[in-house]
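Structure first, commentary second.
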Number of protein chains: 2
Amino acid sequence: MARSSRLPARLLGTRAVAPLPGRPGSRSTRQKRAVAAVLDSAGGFLSAQELFTRLRSQGEDIGLTTVYNRLRSLAEAGEVDAVRSDDGEVRYRRCDSSGHHHHLVCRRCGRTVEVEEASVERWADQVAAAHHFVEVSHTLEIVGVCPSCAC
Amino acid sequence: MARSSRLPARLLGTRAVAPLPGRPGSRSTRQKRAVAAVLDSAGGFLSAQELFTRLRSQGEDIGLTTVYNRLRSLAEAGEVDAVRSDDGEVRYRRCDSSGHHHHLVCRRCGRTVEVEEASVERWADQVAAAHHFVEVSHTLEIVGVCPSCAC
DNA sequence: CTGCATGCAAAATGTTTGCACTCTA
DNA sequence: TAGAGTGCAAACATTTTGCATGCAG
């Protein structure tokens with residue numbers, strides 16, 4: 001009962017040590033390419049369901065299972081970050097690995113702005129250290145309504 | 001599709017303008033008392049399912065629906081905090097500090113430390129303002145391994 | 001008595017799994 | 001042609017909802 005784990009919790013958290021894409025035995029398919037493309041163009045966070053809808057609405061013939069499969073592989077490979085949102089969906093974003101950053105998200109249109117602020121990182125690390133926590137990571141998201149959606 | 005909300009997202013996030021317990025028309029029942037008791041004695045985070053199991057195993061005759069009902073009421077009243085864990089369950093804990101705060105969570109044993117830091121709040125609001133976002137809220141959680149679990 | 005509270009049963013969601021089929025390499 | 005990849009259908013776990021019944025005030 002306590003043991004649920006619909007998603008191997010290990011996939012979550014923002015740390016990523018990524019093996020390069022194109023590993024042995026990996027095959028290139030239309031679906032893989034499509035998922036990657038949408039993920040790239042989106043920039044921000046996307047849930048599996050959203051991703052699936054976008055693909056379908058742009059005429060791509062792909063199954064929901066495949067989207068989940070792909071997303072899991074990408075997450076395991078460290079090519080996307082996965083965080084669970086408040087409403088229970090897991091949301092993925094292309095991990096540009098160039099630096100740790102957070103997002104300012106519009107709750108209406110989904111527009112996202114990347115935000116970097118070292119002080120927050122430092123603060124989080126300090127807090128953790130003060131309580132002697134190790135292997136620390138953190139998640140932070142600011143949500144609101146963007147100017148275009150405001151009125 | 002973006003609109004899922006198995007749990008009205010408004011319950012999450014730590015904003016709480018709490019009406020005092022025992023509001024008008026509120027009745028005291030065995031079940032309510034039982035939930036409150038377990039929640040109190042637990043101290044830390046508890047999922048609805050865990051709470052339910054504990055109640056049952058200690059002989060309490062209560063339904064799962066009631067547990068969920070109660071938890072929702074308590075969350076709306078600001079008497080418990082609700083955070084979604086990595087594995088998808090919402091976990092509740094008796095909320096003692098009345099203000100807005102975040103959590104430092106042990107990813108092994110679930111132990112949590114409440115953290116308050118005005119500067120983070122201010123920073124989040126500033127970032128949002130800079131991009132002209134309104135109706136802003138934010139979520140922040142720091143996860144790591146606590147000293148006892150680090151060994 | 002009144003209507004808040006309870007809880008069974010059933011629906012809804014997001015995600016995972018079993019497995020037969022498809023296509024890339 | 002072997003096996004990685006795909007995707008339908010069905011299973012799952014958590015949470016919500018409909019509704020008839022119960023009980024505190």
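The chains referred to below are lettered A, B, ... by the order of the sequence lines, with proteins before strands, and numbering in each begins at 1.
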Whole-Å distance, B/Leu74 CG to C/dA5 C1', equals 14 Å
**Study point:** Side chain to side chain, A/Gln49 and A/Glu89, heavy atoms closer than 4.5 Å
**Key:** yes
Side chains of B/Val90 and B/Tyr68: does their closest heavy-atom pair fall under 4.5 Å? no
| So, is A/Gln31 close to the D/dG5 phosphate, meaning a side-chain N or O under 4.0 Å from OP1 or OP2? | no
Taken to the nearest whole Å, CG/B/Asn69 to P/D/dC19 is 16 Å
Between B/Tyr92 and B/Leu39 the two heavy atoms that sit nearest each other are O-CD1, 4.5 Å
Quick one: is D/dG5 close enough that its OP1 or OP2 comes under 4.0 Å of any side-chain N or O from A/Arg72? no
- Task: Tell me what B/Thr29 touches on the nucleic acid: a base, only sugar-phosphate, or nothing, going by heavy atoms under 4.0 Å.
- Result: sugar-phosphate
Rounded to whole Å, the CD-P distance (B/Gln49 to D/dA13) equals 10 Å
Whole-Å distance, B/Ile62 CD1 to C/dC8 P, equals 10 Å
Closest non-hydrogen contact found for B/Phe52 with B/Gly63 is CE1-C, 3.7 Å
Which of C/dG7, D/dT14, D/dG7 is nearest the side chain of A/Thr66? It is D/dG7
When B/Lys32 and B/Arg56 are each assigned the nearest nucleotide of DNA chain C, the 5'-most assignment goes to B/Lys32
Establish, with yes or no, whether the OP1 or OP2 oxygen of C/dT15 is under 4.0 angstrom from a side-chain nitrogen or oxygen of A/Tyr68. yes
Result for 5'-nearest mapping on DNA chain D, choosing between A/Arg30 and B/Arg33, is A/Arg30
Here the distance between atom C1' of D/dA13 and atom CZ of B/Arg91, to the nearest Å, is 15 Å
Item checked: Check: A/Arg27 side chain, D/dG3 base, donor-acceptor under 3.5 Å -> yes
| message | By the 4.0 Å heavy-atom rule, please label B/Ser47 as base, sugar-phosphate, or nothing. | response | nothing
To the nearest angstrom, the CG-P distance between B/Leu64 and D/dT17 comes to 14 Å
When rounded to whole Å, the CZ to C1' distance for the pair B/Arg70 and C/dA5 reads 9 Å
For A/Glu60 and A/Arg54, what are the C-alpha separation, side-chain angles and deciding distance, and is it a salt bridge (Lys or Arg N to Asp or Glu O under 4.0 Å)? CA-CA 9 Å; A/Glu60 199 62 47; A/Arg54 289 204 191 186; over 6 Å; no
Rounded to whole Å, OH of B/Tyr92 lies from P of D/dT14 at a distance of 13 Å
